[in-house]
Amino acid sequence: MQLFTIFGNPVSHSKSPLMHNFAFNGLEYDGIYTRYQLEDGSQLRQKFFDLDIQGANITVPHKEEAFKACDILDEFAQKVGAVNTIVKKEGKLYGYNTDAPGFLKAIEEFKDAKNVLFLGAGGTAQSTSVVLRDTGYNVTLLNRSKARLERFKEDGFETYTFETFDTDLKFDLIVNMTSAGLEDETLPCPKEILESVVPSSLACIDVIYGKETAFLKFARAYKRPTKDGSDMLLYQGVIAFEYFTNHQFSFNKIKPHMIKAFK
Ligand code: NDP
């Protein structure tokens with residue numbers, strides 16, 4: 001039996017074990033998926049080999065350490081500098097990033113969307129902004145602190161802080177990429193900014209899942225379509241499972257099993 005896990009700190013809340021074990025059982029694949037609370041990210045590679053793990057997901061705060069732990073990086077993981085999926089093949093660690101393609105798939109339903117405003121400029125915004133731009137979206141970033149925006153600016157993205165934001169700007173999708181709302185009821189940016197962009201948007205999306213955040217409540221009050229981060233989570237998991245099982249199963253075969261974790 002092959003062993004899979006999720007490394008993170010904390011990991012107790014993670015849905016990944018449930019998602020992957022539903023898929024292993026449903027597809028009769030001889031695998032089991034556990035969780036591992038890892039405090040020191042620099043230990044990741046050693047743990048992988050010591051525990052004889054076949055594949056792993058990596059969550060906050062170790063995605064950059066996971067990037068460093070790999071022997072071979074997929075082209076996209078290399079580009080964004082963050083890895084959330086590792087697979088062991090012939091003693092080498094291969095690293096991938098499935099968060100961003102997962103997010104891309106989750107917004108496919110908004111067919112007319114072109115201009116996207118990201119609230120937040122952390123790790124998730126970093127990988128998803130690149131994928132969105134490569135797919136043809138225009139991505140603008142708004143962040144609380146200036147420091148995190150530097151890298152995006154250098155990469156050619158339009159960036160604003162709360163102080164410099166132009167409230168005449170309009171966007172099709174407004175996406176909360178911050179952790180504001182995860183464990184509290186705070187909005188990801190000042191209310192006045194949301195009042196300038198939310199009413200004319202096609203939809204408002206949060207990457208936080210399993211709850212209606214203050215941001216989504218705000219959007220609903222303006223009768224905007226809303227979506228939480230569940231599909232992103234599901235899709236990044238399905239794509240990771242494709243890597244774990246060496247593409248033996250298609251996306252559409254895996255999805256109906258994994259989705260049971262959300263019911
Ligand atoms: P990071 O720690 O890398 O970045 C956090 C970002 O949030 C920064 O831009 C930070 O701004 C901003 N922020 C934090 N608190 C506040 C606040 N109170 N008000 C305004 N801005 C705030 O986080 P990640 O990118 O790793 O994760 C972001 C979110 O994405 C998390 O909620 C995570 O749970 C979720 N996520 C969901 C996934 C899914 O599958 N659905 C997958 C991956 C992540 P500043 O620079 O000013 O500090």
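Just follow the structure's listing: the first ligand is 1, and inside any ligand the first atom is 1.
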protein heavy-atom neighbour closest to atom 23 (O) of ligand 1 works out as Gly123 N, 4.5 Å

To the nearest 0.1 Å, how far is atom 37 (C) of ligand 1 from its closest protein heavy atom, and which atom is that?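 Checked against all protein heavy atoms, atom 37 (C) of ligand 1 sits closest to Val207 O, 3.2 Å.
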
Sub-6.0 Å ring centroid separation between Phe24 and Phe4: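 Judged by ring-centre distance (under 6.0 Å), Phe24 and Phe4 do meet the cut-off.
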
Do me a favour and list the nearest non-hydrogen protein atom to atom 2 (O) of ligand 1 with residue, atom name and distance?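 Here the nearest protein heavy atom works out to Arg148 NH1, 4.1 Å.
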
Quiz item: cation-pi between Arg144 and Phe162, 6.0 Å / 45°: no

Under 4.0 Å from ligand 1, counting heavy atoms only, is it the side chain of Ile208, its backbone, both or neither? side chain

Closest protein heavy atom (residue, atom, distance) for atom 34 (O) of ligand 1: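 Heavy-atom neighbour on the protein nearest atom 34 (O) of ligand 1: Leu182 CD1, 4.1 Å.
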
Consider every N or O of Leu187 and every N or O of ligand 1, then say whether any pair is closer than 3.5 Å. no

Centre of Phe262's six-membered ring, under 6.0 Å away, within 45 degrees of the axis: is that where NZ or CZ of Lys15 sits?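 Yes, Lys15 and Phe262 form such a contact.
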
Given His247, which partner from the list Phe251, Tyr243, Phe244, Phe249 fulfils the ring pair (Phe, Tyr, Trp, His ring centres under 6.0 Å) test?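 Single ring pair (Phe, Tyr, Trp, His ring centres under 6.0 Å) partner of His247 among Phe251, Tyr243, Phe244, Phe249: Tyr243.
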
Any N/O of Ser145 closer than 3.5 Å to an N/O of ligand 1?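 Such a contact does occur with ligand 1.
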
Looking only at side chains, do Tyr33 and Asn57 share a donor and an acceptor under 3.5 Å apart? yes

Parallel, tilted or perpendicular, as decided by the 30° and 60° cut-offs, for the rings of Phe7 and Phe48: tilted

So do the side chains of Leu234 and Lys255 get within less than 4.5 Å of each other, counting heavy atoms only? yes

shortest atom 24 (P) of ligand 1-to-protein heavy-atom contact is with Thr124 OG1, 3.3 Å

Of all the atoms in ligand 1, which lie at a distance below 4.0 Å from a heavy atom belonging to Gly120?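 Heavy-atom distances to Gly120 below 4.0 Å select 9 (O).
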
Interfacing atoms of ligand 1 (cut-off 4.0 Å, heavy-atom, Tyr209):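 Near Tyr209, meaning under 4.0 Å from one of its heavy atoms, ligand 1 has 41 (N).
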
Looking only at distances, please establish whether an N/O atom of ligand 1 is found under 3.5 Å from an N/O atom of Ala121. yes

So do the side chains of Phe49 and Leu93 get within less than 4.5 Å of each other, counting heavy atoms only?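 Of all side-chain heavy-atom pairs linking Leu93 with Phe49, at least one is under 4.5 Å.
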
For ligand 1, find out whether one of its N or O atoms is nearer than 3.5 Å to an N or O atom of Ala125.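 By distance alone, the answer is no.
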
Do the side-chain N and O atoms of Ser250 and Asn252 include a donor-acceptor pair separated by under 3.5 angstrom? no

How far is atom 13 (N) of ligand 1 from its nearest protein heavy atom, and which residue and atom name does that atom have?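 Residue, atom and distance for the closest contact: Thr178 CB, 3.7 Å.
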
Protein contact to atom 4 (O) of ligand 1 [nearest heavy atom, distance to 0.1 Å]: Gly122 CA, 3.3 Å

Leu44 vs Ile58 side-chain heavy atoms within contact, under 4.5 Å: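 Answer yes - side chains close enough.
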
What's the shortest distance from atom 28 (C) of ligand 1 to any protein heavy atom, and which residue and atom give it?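 Of the protein heavy atoms, Met177 O, 3.3 Å lies nearest.
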
Less than 3.5 Å between some nitrogen or oxygen of Asn143 and one of ligand 1, yes or no?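 Checking ligand 1 against Asn143, an N or O pair does fall under 3.5 Å apart.
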
Quick one: which ligand 1 atoms are inside 4.0 Å of a heavy atom on Gly229? 41 (N)

What I want to know is whether Arg144 and ligand 1 share at least one N or O pair that is separated by under 3.5 angstrom.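 Yes; at least one N/O pair falls below 3.5 Å.
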
Side-chain touch Lys88/Ile53, heavy atoms, less than 4.5 angstrom: no

Out of curiosity, is Lys63 lining ligand 1, as in a heavy atom under 4.0 Å away?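 Yes, that is the case, since the closest heavy atom of the residue is under 4.0 Å from the ligand.
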
Identify the two heavy atoms, one from Gly102 and one from Ile239, that lie closest to each other, and give their separation to 0.1 Å.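 The pair with the smallest heavy-atom distance is N-CD1, 3.9 Å.
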
